[in-house]
Structure formats: structure tokens, C-alpha cells
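Fair warning: this is a prediction, and the values are worked out from it, not measured in the lab. Atoms considered below: every heavy atom in the structure, side chains included; atoms not considered: hydrogens, waters and symmetry mates.
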Amino acid sequence: MVIVIVIAALALIAGIAANRWLRPKLFKEDDGAGMAVKDLVGPLLTMTVLLLSFVLVTANGSYGKAETAANNEARAVDQLVETAGYLPQGAPQARIEADAVCYARAVRVQEWPLMSEGNSDGSPAPSVWSTDFRQAFRQVQGQSVFGMLVSADNDRSVARDERLAQASPSIASAIFLFLLVTLAITVVALGFCLPRRNNRGQIVTLTVITALLTTTLVIIRDVDRPFGGIVNVGPTAIAQVEQQATRDFHAHHPTAALPCDDQGNRRTT
């Protein structure tokens with residue numbers, strides 16, 4: 001970082017020095033000739049647009065990863081429930097199906113609100129049931145479905161880790177602040193170069209440009225928080241799996257009760 005700053009500063013000093021001492025020797029022209037301020041605003045606007053576009057693509061990529069991870073996790077939990085259906089009706093099957101319901105509840109009710117606040121650590125509640133998954137798998141070790149259950153659980157674990165990782169913003173606060181300052185400088189520079197009279201059309205155009213740049217920055221800020229922004233990844237997929245798993249559990253084990261409450265916490269009694 002220091003090297004970049006030093007080189008940029010030296011380049012600025014060299015350019016000003018060349019303008020003062022070297023240019024008069026190479027070009028025989030009036031000292032007042034050269035680029036006007038308005039000629040320098042064009043490249044500044046171009047740079048601002050390119051920066052916003054690049055960061056928008058990065059933020060949108062993070063949003064896409066978060067949505068994919070959430071869907072993959074829900075699909076893996078659903079796969080666990082479907083695979084458990086191949087087991088004979090009994091304790092292992094009931095335990096896996098119940099764990100799936102409780103895991104989905106814990107993710108939906110407890111972990112999703114934390115992610116909406118940018119917390120990538122998650123909640124300990126889902127881990128209680130993921131641990132219980134593995135304990136239930138030991139009861140069916142050696143059966144044909146054991147490998148399928150382990151594979152589905154691995155997919156669930158990987159998807160959850162990716163979902164939690166995407167909860168934190170991918171755009172650093174320093175970068176966002178830099179974009180905000182760049183936008184402000186660009187708008188001020190454009191306004192400075194407007195004609196003082198008969199400038200209604202130019203003012204309208206500048207207002208539109210400002211609105212577009214501002215909207216882009218707002219979208220970047222919103223999309224960079226995939227679980228908490230206006231356009232957010234909701235727990236729709238995991239909620240659907242929870243409903244399906246609950247129906248399957250009650251259909252296969254009508255007299256059994258789920259080991260968790262509506263919040264996904266283990267019942268103490």
C-alpha cells in the first residue's frame with residue numbers, strides 16, 4: 001500500500017514539474033493553453049462508473065452464492081428426510097426425521113435473524129441437531145442407506161458453512177466509503193463545470209446522473225447484505241422443507257412428539 005501511494009505521489013509531482021519546466025521547451029504555445037477543468041471531469045466520471053460497476057458485480061456474486069447455499073442446504077435436509085424413509089419404521093427413522101424438523105426450525109427461527117444483522121457466526125441451536133444426526137447415523141451403520149445419509153449430511157454442512165460465510169458483507173467498509181467519496185467528488189466536479197446561464201437542461205441531466213449513481217451505490221449496499229437488505233434471501237426453502245419433514249414425521253410416527261419446541265430448542269421435559 002505504501003508503495004502505491006509513493007508512486008502515485010511521485011507521478012503527480014513529476015507531471016506538475018514537467019508541466020512547469022519541460023513543456024515550455026517542447027511546445028511553443030501560450031501558457032494559458034491546455035486542458036480545461038471540464039476536460040478532466042470526463043475521465044473522472046468514467047472511473048466512477050467503472051468502479052461502481054465492478055463492485056456491483058462483486059456484491060451481486062455474493063448474493064448469488066448466499067441464495068445458492070441456502071437452497072443447497074434445504075435440498076440436503078430434504079434428502080436426509082427422503083433417505084430416512086427407506087429405513088424400517090422405528091427409532092432411527094423417527095430420530096432422523098425429527099432432527100431434520102428441529103434443525104430446519106432452528107435455522108429459520110434463530111439463525112436467519114442473526115444473519116440478517118451480518119453475523120456470520122450463526123446460532124448454536126442448529127449444531128445441536130446436526131450432532132444428533134451423526135449420533136443417529138451410528139444406529140444404522142452397515143445398512144445400505146448409511147452412505148447416502150452421511151453424504152447428504154456432508155452436503156448440508158458444506159452448504160450451511162457457505163451460507164454463514166456469505167452473511168458478512170463482501171465489500172469492506174473502507175471500499176464503500178471510498179466509492180461514496182468518489183461519487184460526491186464526481187457530482188461536485190460536474191456541477192462546477194455547468195454553465196451559469198441557460199443551464200436547465202444540464203441541471204436536469206446532472207440530477208439524473210446523480211440519481212443513477214446514487215441508486216447503484218444503494219443497490220450495492222443492499223445486495224452486499226444478502227440476508228438483511230431490501231432484496232434479501234429469505235428462509236423460504238428451509239421453511240418448505242420444515243413443513244414437508246413435519247408432515248412426514250407425523251405420518252410415519254403419529255403417536256410420537258417432536259423433541260424440540262417451535263424455536264428449534266430441545267425440550268427439557
Side-chain angles (χ1 to χ4, degrees), residues 63-117 119-137 139-140 143 145-167 226-228 231-267:
Y63 180 92
K65 291 179 181 178
E67 186 175 31
T68 300
N71 291 334
N72 288 344
E73 181 185 26
R75 190 178 301 112
V77 175
D78 185 56
Q79 184 66 32
L80 280 171
V81 176
E82 292 182 356
T83 304
Y86 291 105
L87 292 170
Q89 288 194 6
Q93 183 193 63
R95 186 175 182 180
I96 293 173
E97 291 179 348
D99 287 347
V101 175
C102 295
Y103 175 85
R105 285 183 181 178
V107 168
R108 176 179 61 84
V109 178
Q110 300 194 46
E111 199 157 66
W112 225 269
L114 292 177
M115 293 191 305
S116 67
E117 299 172 358
N119 187 332
S120 60
D121 295 330
S123 167
S127 299
V128 172
W129 305 109
S130 62
T131 300
D132 207 66
F133 274 137
R134 291 185 287 273
Q135 293 176 354
F137 294 163
Q139 301 177 23
V140 298
Q143 299 187 30
V145 297
F146 175 75
M148 298 171 61
L149 289 170
V150 172
S151 177
D153 187 56
N154 287 337
D155 292 341
R156 176 205 58 76
S157 179
V158 171
R160 184 193 179 202
D161 289 343
E162 177 65 17
R163 170 174 58 78
L164 290 175
Q166 297 304 325
F227 299 103
V231 182
N232 60 71
V233 179
T236 305
I238 198 69
Q240 292 175 349
V241 171
E242 177 193 344
Q243 295 174 1
Q244 181 62 47
T246 303
R247 287 195 296 266
D248 289 348
F249 176 80
H250 290 307
H252 296 159
H253 317 281
T255 60
L258 288 169
C260 62
D261 57 20
D262 294 338
Q263 307 296 315
N265 295 314
R266 189 183 294 276
R267 297 184 188 274

### Query
Backbone N or O of Ala159 within a donor-acceptor pair of the Glu73 side chain at under 3.5 Å?
no
#### Entry: Pair Asn265-Gln110, side-chain donor/acceptor within less than 3.5 Å
yes
### Task
Taking all heavy atoms of Asn119 and all of Ala167, pick out the closest pair and write down the distance.
O-CB, 3.7 Å
## Note on the structure
Tightest non-hydrogen contact, residues Glu97 and Ala84, listed as CG-CB, 4.2 Å
### Task
State, with a plain yes or no, whether a side-chain heavy atom of Asp99 is found less than 4.5 Å away from one of Leu80.
no
### Task
Please name the pair of heavy atoms, one in Ala76 and one in Ala152, separated by the smallest distance, quoted to 0.1 Å.
CB-O, 3.6 Å
### Task
With sequence neighbours left out, write down each residue that passes salt bridge (charged side-chain N to carboxylate O under 4.0 Å, His left out) with Arg108, or none if nothing qualifies.
Glu242
### Message
Restricting to non-hydrogen atoms, name the atom on Tyr63 and the atom on Asn232 that form the minimum distance, rounded to 0.1 Å.
### Response
OH-O, 3.6 Å
#### Entry: Side-chain donor/acceptor of Arg75 to backbone N/O of Ala237, under 3.5 Å
no
### Task
Report yes if some heavy atom in the side chain of Arg156 is under 4.5 Å from a heavy atom in the side chain of Asp153; otherwise report no.
yes
### Query
Who passes ring-ring contact (aromatic ring centres under 6.0 Å, His included) against Trp129, sequence neighbours left out?
none
#### Entry: Donor + acceptor pair across side chains of Gln135, Arg95 (<3.5 Å)
yes
### Query
So how far is it from Gln243 CD to Thr246 OG1, rounded to the nearest 0.5 Å?
7.5 Å
### Summary
Heavy-atom closest pair (Arg267 atom, Leu258 atom, distance to 0.1 Å) is NE-O, 3.0 Å
### Message
Closer than 3.5 angstrom, by distance alone: can the side chain of Ser116 be matched with the main-chain N or O of Pro113 as a donor-acceptor pair?
### Response
yes
### Query
Heavy atoms, side chains only, cut-off 4.5 Å: are Leu87 and Gln143 in contact?
yes
### Query
Would you say Gln79 and Asp155 make side-chain contact, with heavy atoms under 4.5 Å?
no
### Task
Over 60° means perpendicular and under 30° means parallel, so classify the ring planes of Phe133 and Phe137, tilted if in between.
parallel
### Query
For Gly147, does its backbone N or O pair with a side-chain atom of Ser151 as donor and acceptor, under 3.5 Å?
no
## Note on the structure
Exactly one candidate in Met115, Arg163, Gln166, Glu67 meets side chain to side chain contact (heavy atoms under 4.5 Å, CB included) with Val233; the answer is Glu67
### Task
Taking the side chain as every heavy atom from C-beta outward, state whether Glu162 and Asn72 have any atom pair closer than 4.5 Å.
no
### Message
Please give me the minimum heavy-atom distance between Asp261 and Arg105, naming the atom from each residue.
### Response
O-NH1, 3.1 Å
### Query
Any side-chain heavy atom of Leu164 within less than 4.5 Å of one from Asp121?
no
#### Entry: Value rounded to 0.5 Å, distance of CE in Met148 from CD in Glu82
9.0 Å
### Message
If we ignore hydrogens and angles and just use 3.5 Å, is the side chain of Ser130 paired with the main-chain N or O of Ser127 as donor and acceptor?
### Response
yes
